[in-house]
Structure formats: C-alpha cells, structure tokens
Amino acid sequence: MGTLVGHVAPGFGFLLIGLWHLFNHIKLHALNPKSYKGPSWFPSAKFRYLELVLIMAGSTASIAMELFIGPDRHQPLDPDGTIPSNHLHNFEHSSISMTFFLYAACAIVLDRAHVQAQFGLTQLLGAIAFAQQLLLFHLHSADHMGPEGQYHLLLQLLVLVSLSTTLISIGLPTSFLVSFVRSLSIFFQGLWLIVMGFALWTPSLIPKGCYMNDEDGHMVVRCSSNEALHRANSLVNIQFSWFIIAVTLFAVSLYLVLVKLYGEKVQYFSLGNEDEESNDDVESQKSGAFDHSKSFIHVGKIFSHNHNDMER
C-alpha cells in the first residue's frame with residue numbers, strides 16, 4: 001500500500017462503495033420516508049451480490065499485491081520462514097483486506113441463510129472490519145512521523161466515523177442520518193486515500209522544504225527542518241478542511257437532486273384560498289337552505305288553495 005497505486009486503487013474502491021450507498025440510501029428515504037430502514041448493502045438489478053463480490057475481488061487483489069506481486073521475490077517471507085521488518089506493513093495491509101473479504105463473504109452467507117438477525121450480524125461484521133482497519137493504521141509498523149503521518153491521522157478520524165455509525169446503525173436501523181453519515185464517511189475515506197496517493201508520491205506535490213527519501217525500498221517524505229515539517233503538516237490540515245467543505249457541499253447537493261427526482265409529490269394550498277372556499281361553501285349551503293324553505297312555503301300555499309276549493 002506504500003505506493004501511489006497502493007493508495008489510489010483501494011481509495012477508488014472505497015469511493016465507489018460509499019457513493020453507491022449514499023445514492024441508494026437517499027433514494028430509498030425519498031421514496032419511503034415514513035417506512036425507511038437502511039440495509040447493510042444494496043443488491044443490484046442483474047446480479048444480487050454484485051456489491052459484495054466486488055468487495056471480495058478488490059480485497060483479493062489487494063492481498064495478492066501486498067503478499068505476492070509487490071515483494072521482489074513474490075513472497076513476503078525470509079528464507080528461514082520469518083517475516084522481515086520491511087514486509088511487516090504488507091501483512092498489516094493484507095490483514096485489513098482479509099477482514100473486508102470476510103465481511104462480504106459472510107454477508108452473502110447470511111443473506112442466503114435468511115436468518116432473523118441478518119442485519120445486525122452483517123453490520124457487526126462491517127464494524128469489525130472498520131475496527132481492524134483503525135487498529136492497524138493506528139499501530140502501524142511504518143514510521144509515520146512526517147506529512148505521511150498527518151495524512152494517516154486524519155484518515156483514522158474518517159475510519160472512526162465509519163466504525164461508530166456502523167455500530168449505531170445496529171440499534172437505529174431506521175435512522176436515515178446515521179446511514180447518510182456512514183455512507184459519506186466511506187466515500188470520504190476513498191477520496192482521502194486517493195489524495196494521499198498523489199500528494200505523497202508525486203514529486204511536484206511535495207511541500208516546500210521536504211523531499212522524498214528511499215528507506216528500505218520505500219519512498220518516504222521527509223522534511224529538512226522542524227519549520228518545514230510544521231508547515232507541511234499545517235498544509236495537510238488545511239487541505240483536509242477544504243475537502244470537508246467540498247464533500248459536505250457535494251452530499252447536500254446530491255440529496256437535494258435525488259429528493260427532487262424520487263421524492264413524494266406533496267401539494268400545498270394557501271390558507272387564504274381555503275378560507276375563501278370554505279366561505280363559498282357556507283354561503284352555498286345558506287342559499288340552498290333558503291331556497292329549500294321558499295319551495296316549502298310555496299308547496300304549503302298550493303296545498304291550502306286546493307283544500308279550500310274542495311270545501312267549496
């Protein structure tokens with residue numbers, strides 16, 4: 001994962017899954033605002049398990065890249081069967097991918113088994129995957145002391161949001177906001193991973209006063225002074241804050257567009273028109289009653305006239 005492709009590829013996967021969930025949760029809530037219940041994953045029209053199969057395929061590709069394709073000898077172990085220090089991060093990254101693979105595989109099994117606790121168990125498996133991701137990023141064996149460490153620290157905040165909302169959704173499955181924030185955090189994870197890949201492994205994007213250094217076969221960004229390091233970390237923070245604004249604007253815009261497309265059609269009437277219509281109804285009822293009384297009097301007169309003629 002310690003390369004441009006190693007960050008951009010999984011980031012693109014997180015971004016797509018987050019966007020898929022964000023779109024479907026908004027659409028589902030717009031169509032059924034009163035009976036909304038957010039699912040753990042969304043089946044596709046042609047193949048029900050497409051989302052989960054893609055997660056499994058992406059996880060498998062990540063494991064293969066970390067353990068077999070990436071290493072020079074196409075395997076991460078020393079000749080004596082031990083794990084060398086320069087491949088510890090490969091096992092950490094592949095462990096995260098294994099956990100997401102487990103989540104997707106178990107989600108398929110639970111769906112086909114039609115168990116009663118399917119939603120809760122699936123969400124719990126997702127929470128375990130995010131917890132594994134947070135744990136291994138926080139206790140990473142690689143030295144994340146420079147700008148790379150600041151990028152990873154902010155990434156951990158996004159993973160924490162994904163973990164928290166996944167756990168909360170177990171107890172609040174009908175909360176649209178919980179599903180909305182969870183989907184948005186997954187989307188933001190992917191976007192931030194892509195940004196990390198380009199910012200940390202593109203020489204022209206390295207902050208002023210910092211440089212790329214080859215350490216144990218991996219390119220790491222180092223800074224020449226404490227002032228340069230402080231400036232680089234501050235730039236990362238500013239960048240993250242700008243992305244928060246952009247992602248928030250995107251999410252609100254997407255919500256408004258989808259609600260307009262799929263939302264329930266509600267007709268609104270002004271209070272003045274209702275009062276006028278009610279007054280018209282009352283007047284018509286009064287005039288109807290008056291006409292009815294007039295006709296009743298007229299009938300009475302005819303009956304009286306006929307009665308007098310008979311007496312004569």
Side-chain angles (χ1 to χ4, degrees), residues 10-43 51-52 54-55 58-59 96-97 99-107 110-111 117-139 151-196 240-241 243-256 258-259:
F12 190 67
F14 275 100
L15 186 144
L16 283 181
I17 294 297
L19 186 61
W20 170 252
H21 276 232
L22 195 63
F23 172 84
N24 282 284
H25 278 298
I26 296 174
K27 179 182 176 181
L28 183 62
H29 184 262
L31 293 172
N32 307 287
K34 295 181 180 179
S35 59
Y36 168 83
K37 183 178 180 181
S40 303
W41 52 275
F42 289 91
E51 174 189 333
L52 299 175
L54 288 177
I55 293 175
S59 300
I96 296 173
S97 300
T99 313
F100 280 105
F101 182 94
L102 177 66
Y103 155 75
C106 291
L110 290 171
D111 182 70
Q118 176 187 348
F119 174 79
L121 288 175
T122 305
Q123 291 296 85
L124 180 61
L125 289 167
I128 291 173
F130 287 127
Q132 177 88 301
Q133 184 186 15
L134 180 62
L135 175 69
L136 292 177
F137 278 157
H138 185 70
L139 303 177
Y151 275 105
H152 278 85
L153 177 62
L154 297 173
L155 177 63
Q156 291 174 45
L157 295 179
L158 298 176
V159 178
L160 180 61
V161 174
S162 300
L163 169 60
S164 302
T165 50
T166 303
L167 289 173
I168 293 172
S169 66
I170 297 176
L172 298 174
T174 59
S175 174
F176 168 71
L177 285 179
V178 172
S179 300
F180 184 84
V181 174
R182 177 176 180 267
S183 304
L184 194 61
S185 68
I186 296 173
F187 172 83
F188 202 167
Q189 272 194 65
L191 182 62
W192 193 242
L193 280 169
I194 294 173
V195 171
M196 287 174 61
F240 186 77
S241 67
F243 271 99
I244 289 178
I245 297 172
V247 169
T248 302
L249 181 61
F250 168 76
V252 173
S253 301
L254 181 64
Y255 175 80
L256 293 175
L258 293 180
V259 166

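Contact annotation: the side chain of D111 never approaches that of L52 to less than 4.5 Å [non-hydrogen atoms, C-beta and beyond]. Here the side chains of I55 and W41 are not in contact, with every heavy-atom distance at 4.5 Å or above.
By the side chain to side chain contact (heavy atoms under 4.5 Å, CB included) test, L154 is found to be paired with L157, W192, V236, N237, F240, residues two or more places apart in sequence or in another chain being considered. Under the side chain to side chain contact (heavy atoms under 4.5 Å, CB included) criterion, A131 pairs with L163, sequence neighbours left out. Take S59 and apply the side chain to side chain donor-acceptor pair (under 3.5 Å) test, not counting sequence neighbours, and it matches no residue. Remark: Q189 engages Q133, S162 in a side chain to side chain donor-acceptor pair (under 3.5 Å) (not counting sequence neighbours). Scored by the side chain to side chain contact (heavy atoms under 4.5 Å, CB included) test, T166 finds Q123, A127, F130, R182 as partners (sequence neighbours excluded).
Enclosure of atom OH in Y36 by more than 12 non-hydrogen atoms of other residues, nucleotides or ligands within 6.0 angstrom is indicated.
In this structure, the separation between CG on L167 and CD1 on I128 is 9.0 Å, given to the nearest 0.5 Å. Interatomic distance, CG of L16 versus CD1 of I186, reported as 12.5 Å (0.5 Å rounding). The CG atom of L28 sits 8.0 Å away from the OG atom of S35 when rounded to the nearest 0.5 Å. Put simply, CG on L172 and CG on L177 are 10.5 Å apart, with the number rounded to the nearest 0.5 Å.
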Notebook entry, point to check: Which is it for F100 and I96 under the side-chain contact (heavy atoms from CB on, under 4.5 Å) test, yes or no, and what are the steps along the way?
Noted result: CA-CA 7 Å; F100 280 105; I96 296 173; 3.7 Å; yes
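Of all the heavy atoms in S185 and V161, the pair that sits closest is CB-CG1, 3.7 Å. Of all heavy-atom pairs between Q156 and L134, the closest is O-CD1, 3.6 Å. T99 and A129 make their closest contact through CG2-CA, 3.4 Å (heavy atoms, listed as atom of the first residue, atom of the second, distance). Contact between V259 and A30 at its shortest, heavy atoms only, is CA-CB, 4.2 Å. Between H25 and G38, the closest heavy-atom pair is CE1-CA, 3.7 Å.
In this structure, K37 forms a cation-pi arrangement with F119, its terminal cationic atom sitting closer than 6.0 Å to the ring centre and no more than 45° off the ring axis.
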Show me the side-chain donor-acceptor pairs of residues 244-255 shorter than 3.5 Å, one per line, residues at least two apart or across chains.
from: T248; atom 1: OG1; to: I244; atom 2: O; distance (Å): 2.7
from: S253; atom 1: OG; to: L249; atom 2: O; distance (Å): 2.8

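For F42 and H21, the ring centers are positioned less than 6.0 Å apart.
A side-chain contact (heavy atoms from CB on, under 4.5 Å) with T122 is found for exactly one of S40, C106, P39, namely S40.
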